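Scope of the values below: all heavy atoms of this structure, side chains included, with no hydrogens, waters or symmetry mates. The first residue in the sequence is number 1, and the count goes up from there. None of the values given here were measured: they were computed from a predicted structure.
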Amino acid sequence: MNEQVQPSGGPLFNPLSPDFIRDPYPHYERLRTVDPIHVTPFGQFVASRHADVSLVLRDKRFGKDFVERTTRRYGPEIMKEPVFRSMSYWMLQADPPDHTRLRGLVVKAFTARRVEDMRPRIQEIVDQAIDAVIERGHMDLIEDFAFRLPVTIICDMLGIPEEHREVFYKSSRDGGRLLDPVPLSPEEIKQGNAANLMAQMYFQQLFELRRKNPGDDLITQLVQAEEDGNKLSNEELTANIILLFGAGHETTVNLIGNGLLALHRNPDQLALLKARPELTEGAIEEFLRYDSSVQMTGRVALEDIEDLGGKRIPKGETALCLLGSANRDGAVYPDRPDRLDVTRANVKPLSFGGGIHFCLGAQLARIEAEIAIATLLRRLPDLRIDDVETPEWRPTFVLRGLKRLPASW
């Protein structure tokens with residue numbers, strides 16, 4: 001590599017280094033400036049500018065091609081591993097026509113009206129979480145607050161019985177590593193397989209229960225859709241419920257946690273939002289832009305791409321889109337993009353992706369975060385985060401979030 005691409009500060013893109021996990025944004029700025037379409041040691045093309053990222057997300061010349069891409073990275077036997085086999089059925093990893101069919105079955109649960117109707121239930125869960133800790137004077141904002149809300153909502157939507165939920169509240173949040181651009185070790189694959197098989201066993205039993213006793217929930221809808229000739233196989237059904245469960249809580253937990261940390265690191269913005277709660281809806285867009293809970297997504301070139309930001313991408317090669325970098329690109333946000341500003345106008349973060357894979361649950365995540373943060377500021381106005389300078393980040397890159405965030409009042 002020439003000096004321009006490999007500056008003295010070490011590799012340009014090392015997303016699992018502790019320094020990168022702690023604060024990826026200076027690294028992104030270097031990439032945008034020095035090498036905006038960077039090639040990794042694994043041969044992936046990394047796009048860091050807003051224009052290039054936006055193009056890849058929406059251009060039909062790019063797709064997912066998951067099986068081919070994964071086989072190229074790990075070798076021909078990899079799809080025998082349960083965790084990768086399951087991921088190959090995710091609509092997130094599918095191309096049309098499979099993607100169209102899978103998403104078409106699930107999208108009905110996320111209509112604007114249905115999501116808007118969930119507001120009272122979301123408010124109730126947030127208030128219960130605060131009621132449970134208010135006398136204590138301290139809590140972990142992740143475990144005691146941010147985590148329970150989206151897990152409860154996704155359990156509600158899927159129709160997971162109350163008596164089964166405790167295991168979901170206690171289950172680990174280790175799945176994020178599956179999505180990182182650095183290959184998994186054999187030990188990590190083994191752990192992924194074990195977690196995947198446990199989830200499969202549980203959801204298969206729940207499908208049987210819903211076939212016998214239908215309910216007003218998403219699993220019942222999907223089980224019945226399968227029988228209406230939409231050909232949702234059992235493996236597709238299980239894989240996509242696992243996906244919805246993971247995607248349905250992980251990203252929202254991180255949105256709430258990252259947003260609260262950002263506010264407390266910027267006391268002027270915290271004071272402004274407390275004084276003017278009507279700014280909350282716009283502030284959520286700024287939290288998404290400022291420190292996105294999803295930092296990256298990938299596509300594969302389905303044909304030769306002659307020019308992406310000055311580089312040629314051969315058919316079959318992977319383009320990694322740095323959403324977190326695009327969100328701070330000065331070309332789109334010329335007014336101090338590295339500053340948190342809850343009054344910033346025209347914020348259109350790429351945090352939910354784009355094109356046919358735009359996040360199904362985007363509006364639900366926004367409403368959950370809006371109610372959670374507004375209620376916390378209103379009910380615990382003197383809450384202080386114990387350590388805003390060196391909080392403990394989870395060791396994953398694609399899904400960016402905190403392990404814990406202790407706070408007192």
Side-chain angles (χ1 to χ4, degrees), residues 1-7 9-17 19-21 24 27-28 30-81 83-85 87-88 90 92-95 176-186 188-189 192 294-326 350 353 355 357 395-399:
M1 282 193 176
N2 62 36
E3 280 307 304
Q4 181 203 13
V5 175
Q6 191 78 8
L12 262 182
F13 182 63
N14 180 11
L16 296 186
S17 76
D19 186 47
F20 201 105
I21 299 260
H27 301 264
Y28 291 157
R30 267 196 335 181
L31 276 169
R32 288 194 304 272
T33 309
V34 175
D35 194 17
I37 303 288
H38 171 72
V39 184
T40 75
F42 303 107
Q44 303 145 320
F45 292 80
V46 182
S48 51
R49 291 185 303 205
H50 191 284
D52 299 326
V53 167
S54 199
L55 176 100
V56 174
L57 292 178
R58 293 171 174 83
D59 194 318
K60 289 186 167 61
R61 295 175 300 166
F62 290 94
K64 288 290 186 168
D65 205 13
F66 177 77
V67 175
E68 175 64 26
R69 173 168 46 115
T70 308
T71 304
R72 282 178 65 161
R73 184 192 281 191
Y74 289 99
E77 298 295 300
I78 193 64
M79 297 319 288
K80 291 180 181 169
E81 301 286 355
V83 68
F84 286 106
R85 187 176 164 81
M87 285 172 77
S88 74
W90 288 3
L92 179 67
Q93 305 291 11
D95 292 311
R177 222 353 231 121
L178 289 174
L179 300 170
D180 281 337
V182 177
L184 299 173
S185 68
E188 286 174 316
I189 292 174
V294 182
Q295 289 284 311
M296 191 199 81
T297 187
R299 299 288 190 273
V300 171
L302 302 177
E303 57 186 74
D304 291 340
I305 310 290
E306 290 308 324
D307 181 15
L308 179 69
K311 294 249 173 85
R312 182 178 182 276
I313 314 243
K315 179 182 176 180
E317 296 296 343
T318 300
L320 301 178
C321 299
L322 296 178
L323 306 173
S325 174
L350 292 177
H357 289 285
T396 54
F397 156 64
V398 170
L399 298 181

Looking at every heavy atom in both Ile305 and Arg61, which two are closest together, and how far apart are they? CD1-CB, 3.6 Å

Heavy-atom distance under 4.5 Å between the side chains of Phe45 and Leu308, does that happen here? no

Going by heavy atoms in the side chains, are Ser48 and His38 under 4.5 Å from each other? no

CG of Leu16 to CG of Asp180: how many Å apart, nearest 0.5 Å? 5.0 Å

So, the side chain of Ser54 versus the backbone of Ala51: is there a donor-acceptor pair under 3.5 Å, distance only? no

Any idea which heavy atoms bring Arg299 and Lys64 closest together, and the distance? NH1-NZ, 3.2 Å

So, taking the atom named CG in Asp52 and the one named CG in Leu322, what distance separates them when rounded to the nearest 0.5 Å? 11.0 Å

Decide yes or no for Arg73 and Gln44: does some side-chain heavy atom of the first lie under 4.5 Å from some side-chain heavy atom of the second? yes

Atom CG of Asn14 and atom CD1 of Ile21: how far apart are they, to the nearest 0.5 Å? 9.5 Å

Nearest heavy atoms of Val398 and Pro181, plus distance in Å: CG2-CD, 4.0 Å

When rounded to the nearest 0.5 Å, the distance separating CZ of Phe13 from OG of Ser325 is 10.0 Å

Heavy-atom check, side chain of Val294 versus side chain of Leu399, under 4.5 Å: yes

When rounded to the nearest 0.5 angstrom, what distance separates CD1 in Ile189 from CD1 in Ile78? 4.0 Å

Measure across Leu57 and Gly353 and return the closest heavy-atom pair with its distance rounded to 0.1 Å. CD1-C, 3.9 Å

Could you tell me how the ring of Phe84 sits relative to the ring of Tyr74: parallel (under 30°), tilted (30 to 60°) or perpendicular (over 60°)? tilted

Can you give me the closest heavy-atom contact between Gln295 and Pro24, atom names plus distance? OE1-CG, 4.0 Å

Do His357 and Thr297 touch side chain to side chain, with heavy atoms closer than 4.5 Å? no

Gap between atom CG of Leu302 and atom CD of Glu68 - 0.5 Å precision: 11.0 Å

Side chain to side chain donor-acceptor pair (under 3.5 Å) partners of residues 313-323, not counting sequence neighbours, each pair once: Arg72-Glu317

Any heavy-atom pair between the side chains of Lys311 and Asp35 that's under 4.5 Å? yes

Going by atom types alone, do His27 and Asp19 pair a side-chain donor with an acceptor below 3.5 Å? yes

Taking all heavy atoms of Pro15 and all of Val182, pick out the closest pair and write down the distance. CG-CG2, 4.1 Å

